[in-house]
Chemist: 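Below are the structure tokens for one structure; questions will follow.
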Amino acid sequence: MQRLYQTLIMAKELTSREENYSQWYNDLVIKADLAENSAVRGSMVIKPYGFAIWEKMQSVLDGMFKDTGHQNAYFPLFIPKSFFSKEADHVEGFAKECAVVTHYRLKNSEDGGVVVDEDAKLEEELIVRPTSETIIWDTYRNWIQSYRDLPLLINQWANVVRWEMRTRLFLRTAEFLWQEGHTAHETKEEAIKETELILDVYGDFAEKWMGMPVLKGVKSAKERFAGAVETYCIEALMQDGKALQAGTSHFLGQNFAKAFDVKYVSKENKLEHVWATSWGVSTRLMGALVMAHSDDNGLVLPPKLAPIQVVIVPIYRKQEQLDAVTEKVDPIINALKAKGISVKFDDRDTYKPGFKFAEWELKGVPVRLAIGPRDLENGTVEVARRDTLEKEVLQMEDIEEKIAHLLEQIQENIFQKALNFRDENTFRVDSWEEFEAKIEQGGFVWAHWDGTDETEQIIKEKTKATIRLIPIDGKQEVGKCIYSGNVSEQRVVFAKAY
RNA sequence: CGGGGUAUGGCCCAGUCCGGUUAAGGCGCCUGCUUUGGGAGCAGGAGAUCGCAAGUUCGAAUCUUGCUACCCCGACCA
């Protein structure tokens, strides 16, 4: 019936996960043509194939934001330095990683190059945005006067810069692409509701589109966004047992409204500060996507986000045979396209089928069809699925129906597989010895914590594990802190993280 | 930002210790023929101011100094 066609050939091309997980990731991002390093430290070039995936993510998320009442806008890249000193926690959080523009002109140097023109020093230095709260809240002050102007629900797609010491393609780059939502509300309750709504949007996107199961919760005070009252997050588990924060949604309270003096007149004719939220996901999701599903043969993409969902490889010797195959393939392409499935017919004459198989596998195309003389004779087509590496020969009738169904199955299967992996690597522990062992092993560890920064810090120093989140609807369960033995009201999730 | 490593055609790399003809090999690329159901074979060909900049020397891929980028480990952070 079905047979596996996995070969060992790929091992020569790609480091295996077992051998060196981070090397595997680096190799994969480069070899699957997603991105490469650029001439500037920590900055990457996102290549067309990688960008196509990001564009799909953008388009889906953008639709979800609009469906929940948000509008897009664009705020500037540069932020006056003075804005940064207005919200104390925020400054402290970002000051150490800001790129600063000090001059606005170059001039020719004696050796034929260019140098900064010292005469063109800026009156006030500009910060390249690490995030846009400050410039946005400075702007909102003018936009908001009455309760009638609320809620203000804005999102922007932008690049931001955080001068990171250590960078990795997609996971942590000095410049990255993201969306940042910034909303203003009349009441605290409404703002919290918004924060939670977006967390659900992120969770749905991760699970239904990326096929990546996530835990939802709030951050501990130590892990909270600088300037937030509460940070909500989604956390996913990567195949090496490390957690990855995939999205955050912040309840900002009135911190920024107060810092930037954003007030509205209520129905009762009282002057009040507005309540705020901000939330974002970034190109880091690309890294999450790669690590969540891919294998030693290359990328495994969820059909819903794959730029190419089906690739068709013709098998032939002579031109006449290619013509005959093409004749059969054309209606299949049309039928698939009519169902909204993206198809590529790989009729390059310069590569052999075996090479093409390996290449599309590396690039994670969910379904591959191969059609050759044998199929023409039998009215069949060979169908291979990327997630399980199985292939089978199917009758050509209603092939588009079968493929559409298969794509759904693949989407479901990779989610299940990731979910099973997470279940197998989730532990409840009640002793320090067990805690250390499980953290070392990797995975999510549910354990009691006494709620103090001190304990959290010591645990981090001893085990490198951090509190990934405090579950939102976690069962209240009284216990003893894993480290201090003090009383705890619920378990929190620990893991080593990216 | 601290410690360690690396940089030689598009890619992987030999040569560097101990300076001395034309910088070797593999992959890829180009041309031709044969091939095409799991990364094809043969023949011919093109492609390198040896990361960048100074210095030492009759002579530098090789020695010295500075700079830049990348990788690994730590601190920091999404």
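In what follows, chains carry the letters A, B, and so on, assigned in the order in which the sequence lines appear, proteins first and then strands, with residues in each chain numbered from 1.
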Chemist: How is Phe176(A) classified with respect to the nucleic acid when contacts are heavy atoms under 4.0 Å: base, sugar-phosphate, or nothing?
Modeler: base
Chemist: Scan every strand shown for a Watson-Crick or G-U wobble partner of U6(B), both distances under 3.5 Å, and answer none if you come up empty.
Modeler: A69(B)
Chemist: Name the residue from Asp349(A), Asp347(A), Thr326(A) that meets the side chain to side chain donor-acceptor pair (under 3.5 Å) definition with Tyr316(A).
Modeler: Asp349(A)
Chemist: Looking at NZ of Lys356(A) and CD1 of Ile312(A), how far apart are the two atoms once the value is rounded to the nearest 0.5 Å?
Modeler: 12.0 Å
Chemist: Examine the base of G38(B) for any acceptor or donor lying under 3.5 Å from a partner atom in the side chain of Arg368(A), and report the outcome as yes or no.
Modeler: yes
Chemist: OP1 or OP2 of G28(B) versus the side-chain N and O atoms of Tyr351(A): is any pair under 4.0 Å?
Modeler: no
Chemist: Cation-pi check for Tyr498(A) against Lys242(A): NZ or CZ below 6.0 Å from the six-membered ring centre and within 45 degrees of the axis, yes or no?
Modeler: yes
Chemist: NA contact type, Thr466(A), heavy-atom cut-off 4.0 Å: base, sugar-phosphate, or nothing?
Modeler: nothing
Chemist: Counting Watson-Crick and G-U wobble pairs only, both distances under 3.5 Å, name the nucleotide matched with G39(B), or none.
Modeler: none
Chemist: Does the structure place the NZ or CZ of Lys219(A) under 6.0 Å from the centre of the six-membered ring of Phe225(A), at an angle of no more than 45° from the ring's axis?
Modeler: no
Chemist: Which one is paired to G74(B), where only Watson-Crick or G-U wobble pairs with both distances under 3.5 angstrom count?
Modeler: C1(B)
Chemist: Check every strand shown and say whether Glu164(A) touches a base, only sugar-phosphate, or nothing at a heavy-atom separation below 4.0 Å.
Modeler: base
Chemist: With respect to the phosphate group of C77(B), does any side-chain polar atom (N or O) of Arg162(A) fall under 4.0 Å of OP1 or OP2?
Modeler: no
Chemist: Which residue in the set Leu289(A), Val60(A), Leu285(A) passes side-chain contact (heavy atoms from CB on, under 4.5 Å) when paired with Trp209(A)?
Modeler: Val60(A)
Chemist: What is the nucleic acid contact for Leu244(A), judged by heavy atoms within less than 4.0 Å: base, sugar-phosphate only, or nothing?
Modeler: nothing
Chemist: Find the partner of G55(B): check Watson-Crick (N1-N3 plus N6-O4 or O6-N4) and G-U wobble (N1-O2, O6-N3) distances, both under 3.5 Å, and reply none if neither fits.
Modeler: C63(B)
Chemist: Distance check, C1' atoms only: A48(B) and C11(B), in whole angstrom units.
Modeler: 14 Å
Chemist: So does Glu359(A) reach the base of G39(B) with its side chain, donor to acceptor, closer than 3.5 Å?
Modeler: no
Chemist: Applying the Watson-Crick and G-U wobble criteria at under 3.5 Å, what pairs with G47(B)? Answer none if nothing qualifies.
Modeler: none
Chemist: Under 4.0 Å between any heavy atoms, over every strand shown, what does Gly247(A) touch: base, sugar-phosphate, or nothing? Just pick one.
Modeler: nothing
Chemist: Between Phe444(A) and Trp446(A), is the ring centre distance below 6.0 Å?
Modeler: no
Chemist: Across all strands shown, which nucleotide pairs with C17(B) by Watson-Crick or G-U wobble geometry, both distances under 3.5 Å?
Modeler: none
Chemist: Are any side-chain N or O atoms of Glu164(A) and backbone N or O atoms of Thr167(A), one a donor and one an acceptor, separated by less than 3.5 Å?
Modeler: no
Chemist: Would you say the side-chain atoms of Glu436(A) and Thr463(A) include a donor-acceptor pair closer than 3.5 Å?
Modeler: no
Chemist: Please enumerate all protein N or O atoms sitting under 3.5 Å from an N or O of nucleotides 71-73 of chain B, with distances to 0.1 Å.
Modeler:
{"residue": "C73(B)", "atom": "OP2", "partner": "Arg166(A)", "partner atom": "NH2", "Å": "2.5"}

Chemist: Look through every strand shown and name the nucleotide pairing with U22(B) as Watson-Crick or G-U wobble, where both distances are under 3.5 Å.
Modeler: none
Chemist: Taking only N and O in the side chain of Lys352(A), is any of them less than 4.0 Å away from OP1 or OP2 of G37(B)?
Modeler: yes
